[in-house]
Structure formats: structure tokens, C-alpha cells
2 protein chains.
Amino acid sequence: MPRTQHRETRQSHAVRAALAGNQQFQSAQQLHGRLRARGDGVGLATVYRTLQRLVEQGEVDVLRTDDGEAIYRLCSREHHHHLTCRSCRRTVEIDNSAVEAWARRIGEENGYADVEHIVELVGTCADCAAS
Amino acid sequence: MPRTQHRETRQSHAVRAALAGNQQFQSAQQLHGRLRARGDGVGLATVYRTLQRLVEQGEVDVLRTDDGEAIYRLCSREHHHHLTCRSCRRTVEIDNSAVEAWARRIGEENGYADVEHIVELVGTCADCAAS
DNA sequence: CTTTGTGCAAAGGCTTTGCATGCTT
DNA sequence: AAGCATGCAAAGCCTTTGCACAAAG
């Protein structure tokens, strides 16, 4: 059982609140700046470490911008993949059991056990394609 | 039409050759190391600048890994995916037609065009599982 | 009281940039 | 000859880590 053992601190609460207050993907630096502006001073390193924990616990999704910056957002579902617009970053969460099954089958066919998969899709969304 | 004008140099040729020699996405550092190993010494900065130019010219695609590393690949190349052993790094090439179709369909269903995908499988191979 | 979280600053890793030099055209 | 391309090293950015201190359980 993944016993999520983390302590309740003012800082971790602040980070979670900042995430909850915005449904869009935000960078660690943005969150840090937002917290600082709000008066909830939190060290940048703490922001990163808190986000890291949340990602490990599966409570937060993380993606990478074209700049290589990590952006975070509270998850809405369990396991899913992302389809991201390469232009505006609009993101759709994909929940497709076909991929899961496919990955597992490929593993079995090749004698590999405990197969994990990384799947990310990038495209141009309808709006951006139009403009 | 703006004819993309770039000079022919040993280095730019080497980078293009390295890209052409691998149908998968590769990082700049990987390309640099490969060139160095091959004897075609090329400065790391030059690798980056050449890749930058190729991307601007639309000859190369760029994506970001979860580590924030940029990975490059010549456009319009058929590629395959890999199933890698997390222990011994043994790698199997995977037929990709199923994934290609799946990715394209997901894109269409969501109104996304030109869908690129990153797919990586990691598991434990039979030998390593036995030991 | 013990363990984990926090801050700060330093260190890391990837990428970009300044500048003098070499090579292409 | 003129101007981009290259190398090297330094600088930039985002992120992680070491360490001492504070706080939670």
C-alpha cells in the first residue's frame, strides 16, 4: 500500500492551494512568484520539492513546455496520457485502455515483465490550425 | 519563396548525417557524443546551432523529454519505438503501426492535426527477471 | 524526542551567447 | 574580400542537492 506519509506544513498547504486556485498548467517559478506575491512566502526549493512529492503521489500532472520548463496541474483522473497543442499548449487528457493493453502485450511477446510506458502526444489544435 | 540559405560545412554535414543515421529522436548531446566517437569532432555549440537552423527550416522536429531535454529527428521519417530493459538496457525494436494509427485517431477525435508522439516502454527482460 | 520539511546557497545539467578565428561563397 | 559558421569558454535558466535549523507527529 502506498502509504502517503507527508507532513502538514504551512508551505505545503500554500503550494496545494496555489495549484487548486488555477486549473491551468503552471510552472514552479510561477507558483513561487504567485505565493510570494500573495504573502505566503515559500522557498523556491520547497516549491519544487513539494511538487515532486505531489507528482510521485499521483496528485499532480507534469508536462514540459518547448522551453524545457516543467509545468504542473492537479490531476483529475488516475492514469492517463496527454494530447497537447504545440502552439497554445491546450491539453486534452486521454484515457485509452487500448494503449495499456498494447504495452502489456508487447512486453509479453518479448518476454519483458512489469512494463511501464511513457506516451505523450503533441499536435496542433483546431483553433491554432485555423489561425 | 525564401530559399533557406545555409553554408555547406564539414560540421553541418556531420550533424545531418548523424540525424539521418538514426530514425529516432536523439538529444543534442547524444548526437555530439556520437560524432565525437565517430571521429567527426564537432563542437557542442555547433551541434546546437545547426539543429536550431534545421528546426527553423522545418527539416527537423523537436520534442521535449520528461527530463526537459530537447530531442531531434529529421522530419517525415518512419520511426519505431523501443522496449528497454530497466536492468540491462537490452533493447527491442517495436513495430509501430498500431501506435501510429492510435495516435492519429486520438488526434482526429480531438481536432488536433499533425500529431507527433513519444512512446517509450520500459520493462524487465526475461534474463534479468530470472536472476 | 525523532523524523521530516524548509531555506539558502551552491552545484548540476542542458542550452545559449560573446568573441576571435577559420572557412564558404 | 565579406560574411556566415565554428570553437571555446562563460553565462543563463530551470532544477536539484547539501546542510543546518525549524517544525510536525
Side-chain angles (χ1 to χ4, degrees), chain A residues 2-19 24-57 59-73 84 86 89 120, chain B residues 2-19 24-57 59-73 118 120:
Chain A
R3 170 102 231 118
T4 338
Q5 197 78 286
H6 71 77
R7 291 182 178 178
E8 303 291 321
T9 67
R10 176 185 67 76
Q11 292 89 336
S12 69
H13 280 158
V15 172
R16 296 177 74 109
L19 281 166
Q24 300 175 36
F25 280 95
Q26 309 169 74
S27 70
Q29 317 252 358
Q30 284 178 310
L31 286 164
H32 177 248
R34 194 159 299 188
L35 288 169
R36 173 149 300 183
R38 187 195 294 182
D40 288 338
V42 175
L44 181 57
T46 298
V47 174
Y48 277 109
R49 282 189 280 230
T50 303
L51 287 170
Q52 215 167 44
R53 268 195 305 263
L54 291 173
V55 170
E56 283 170 5
Q57 295 169 197
E59 295 185 42
V60 163
D61 272 338
V62 55
L63 292 177
R64 288 279 176 173
T65 69
D66 285 342
D67 297 330
E69 210 178 12
I71 47 180
Y72 308 82
R73 190 187 63 180
T84 305
R86 60 167 63 83
R89 286 288 142 195
E120 289 296 325
Chain B
R3 176 92 217 95
T4 359
Q5 200 79 283
H6 71 77
R7 291 185 176 173
E8 302 293 321
T9 66
R10 176 184 67 76
Q11 292 89 336
S12 68
H13 280 158
V15 172
R16 297 178 74 110
L19 281 166
Q24 298 174 61
F25 281 93
Q26 307 169 77
S27 71
Q29 316 252 359
Q30 284 178 311
L31 286 164
H32 178 247
R34 192 161 300 191
L35 288 169
R36 174 150 299 186
R38 187 196 294 183
D40 289 337
V42 175
L44 181 57
T46 297
V47 174
Y48 276 109
R49 283 189 281 229
T50 302
L51 288 170
Q52 215 165 44
R53 236 174 292 142
L54 292 172
V55 170
E56 284 170 5
Q57 295 169 199
E59 296 186 39
V60 163
D61 276 337
V62 199
L63 292 177
R64 288 276 176 174
T65 68
D66 285 343
D67 297 330
E69 210 178 11
I71 47 181
Y72 307 82
R73 191 193 64 185
I118 297 179
E120 290 297 327

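Nothing here was measured: the structure is a model prediction, and the numbers come from that model. Heavy atoms only: backbone and side chains are in, while hydrogens, waters and symmetry mates are out. Reminder, nothing fancy here: chain letters follow the sequence lines and each chain counts from 1.
Rounded to whole angstrom, the span from the CD atom of Gln30(A) across to the P atom of dT15(D) amounts to 10 Å. The distance from atom CD of Gln52(A) to atom C1' of dC14(D) is 13 Å, rounded to the nearest whole Å. Between the C1' atom of dC4(D) and the CD atom of Glu56(B) lies a distance of 14 Å, rounded to the nearest Å. Atom CD of Gln57(A) and atom C1' of dT4(C) are 13 Å apart (whole Å). His6(B) has its NE2 atom 15 Å from the C1' atom of dC23(C), to the nearest Å. The distance from atom CD of Gln11(B) to atom P of dT6(D) is 5 Å, rounded to the nearest whole Å. We find that CG of Asp67(B) is positioned 13 Å from C1' of dT16(D), with the value rounded to whole Å. Residue Asp40(B) contributes atom CG, which lies 15 Å from atom C1' of dT6(D) at whole-angstrom precision.
Proximity of a side-chain donor or acceptor of Ser12(B) to a complementary backbone N or O of Glu8(B) within less than 3.5 Å is not detected. Checked by atom type and distance alone, the side chain of His32(A) never pairs as donor or acceptor with a backbone atom of Gly43(A) at under 3.5 Å.
Using a 4.0 Å cut-off between a side-chain N of Lys or Arg and a carboxylate O of Asp or Glu, Arg64(A) and Glu120(A) do not qualify as a salt bridge.
Distances shown here put every side-chain N or O of Thr46(B) at or beyond 4.0 Å from the OP1 or OP2 atom of dA5(D). The phosphate of dC14(C) (OP1 or OP2) has no side-chain N or O of Arg64(B) nearer than 4.0 angstrom. Taking side-chain N and O atoms only, Arg53(A) has a distance below 4.0 Å to OP1 or OP2 of dT6(C).
A residue-by-residue look at Val47(A) and Glu69(B) shows that Val47(A) has its nearest nucleotide of DNA chain C further toward the 5' end. Nearest-nucleotide mapping onto DNA chain C: of Gln29(B) and Thr50(A), the residue sitting toward the 5' end is Thr50(A).
Using a 4.5 Å cut-off on side-chain heavy atoms (C-beta onward), Leu19(B) and Leu51(B) make contact.
Closest to the side chain of Thr9(B), out of dT24(C), dC8(C), dT15(D), is dT24(C). With dT6(C), dT6(D), dT15(D) as the candidates, the nucleotide lying closest to the side chain of Tyr48(A) is dT15(D). Of the candidates dC8(C), dA23(D), dG3(D), the closest approach to any side-chain atom of Arg7(B) belongs to dG3(D). Counting only heavy atoms from C-beta on, Arg49(B) has its side chain closest to dG7(D) among dG5(C), dT15(C), dG7(D).
Contact detail for Ser27(A) and Ile71(A): the closest heavy-atom pair is N-CG2, 3.9 Å.
Residue contacts shown for Ser12(B) are limited to sugar-phosphate atoms, with no base heavy atom under 4.0 Å away.
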